[in-house]
Asks: 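Could you have a look at this structure, given as structure tokens, before my questions?
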Amino acid sequence: FPLLALPCSTPADADTVVRVIDANSVKLQRTGVVKLAGAATPTLNLPECFRYTPSSHIRRELAPGTAVDVELTDSARRRAFIRRAGAANGQTVNANL
């Protein structure tokens, strides 16, 4: 999805990761629980060929205490693009999934 690397129309808010809930959801200190926009990774009934769960990658990317920039795309459904604060390439975590 090349669109995930593009900025959203809403300004980004600085926030801090509290914890990763699953492969699609993150709890942030100020914003609360958000779902990753454009990400639809399986969380249950994984095939045996999966070496790691999809959430293991996002847990490495967004460890507790990580500073992030959050751009809500749909505030009613709590969907957001998340970018590590100061990311040199400007790419969202969503795009890396």
Side-chain angles (χ1 to χ4, degrees):
F1 280 172
L3 293 178
L4 295 178
L6 297 175
C8 297
S9 58
T10 58
D13 291 323
D15 212 330
T16 305
V17 175
V18 174
R19 70 184 181 103
V20 172
I21 296 171
D22 61 29
N24 300 317
S25 306
V26 179
K27 183 173 182 178
L28 302 171
Q29 192 170 27
R30 295 176 59 210
T31 310
V33 176
V34 296
K35 296 232 179 245
L36 298 176
T41 56
T43 56
L44 298 172
N45 302 323
L46 299 174
E48 288 185 31
C49 63
F50 275 40
R51 186 169 181 186
Y52 302 102
T53 62
S55 61
S56 64
H57 176 72
I58 194 168
R59 282 191 171 89
R60 283 191 306 273
E61 289 278 324
L62 298 174
T66 301
V68 294
D69 295 322
V70 181
E71 299 176 29
L72 287 175
T73 61
D74 181 357
S75 59
R77 295 180 65 198
R78 308 296 296 165
R79 300 220 179 259
F81 289 104
I82 298 177
R83 182 177 293 107
R84 289 174 65 115
N89 63 3
Q91 193 172 31
T92 64
V93 172
N94 311 47
N96 292 330
L97 291 179

Asks: For the CD1 atom of I58 and the CG atom of N24, what is their distance to the nearest 0.5 Å?
Replies: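 Here the interatomic distance stands at 7.5 Å.
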Asks: Which one of T73, L72, V33 satisfies the side-chain contact (heavy atoms from CB on, under 4.5 Å) criterion with R78?
Replies: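 So the option named by the test is L72.
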Asks: Restricting to non-hydrogen atoms, name the atom on S25 and the atom on K35 that form the minimum distance, rounded to 0.1 Å.
Replies: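 Shortest heavy-atom contact: OG-NZ, 3.0 Å.
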Asks: Measure across R79 and L36 and return the closest heavy-atom pair with its distance rounded to 0.1 Å.
Replies: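 Here R79 and L36 meet closest at NH1-O, 4.2 Å.
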Asks: Would you say D15's side chain and L28's backbone share a donor-acceptor pair under 3.5 angstrom?
Replies: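 Judged by distance alone, no pair lies under 3.5 Å.
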Asks: Could you tell me which non-hydrogen atom of V20 sits nearest to which non-hydrogen atom of D22, and how far apart they are?
Replies: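 Shortest heavy-atom separation between V20 and D22 comes out as CG1-O, 3.2 Å.
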Asks: What is the minimum heavy-atom distance between R30 and A14, and which atoms define it?
Replies: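 Looks like NH1-O, 2.8 Å.
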Asks: Calculate, to the nearest 0.5 Å, the distance between atoms CD and CD1 belonging to E71 and I82 respectively.
Replies: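 If I round to the nearest 0.5 Å, the distance is 10.5 Å.
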Asks: Does R84 use its side chain to pair, donor to acceptor, with the backbone of T66 at less than 3.5 Å?
Replies: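 Checked: no pair found.
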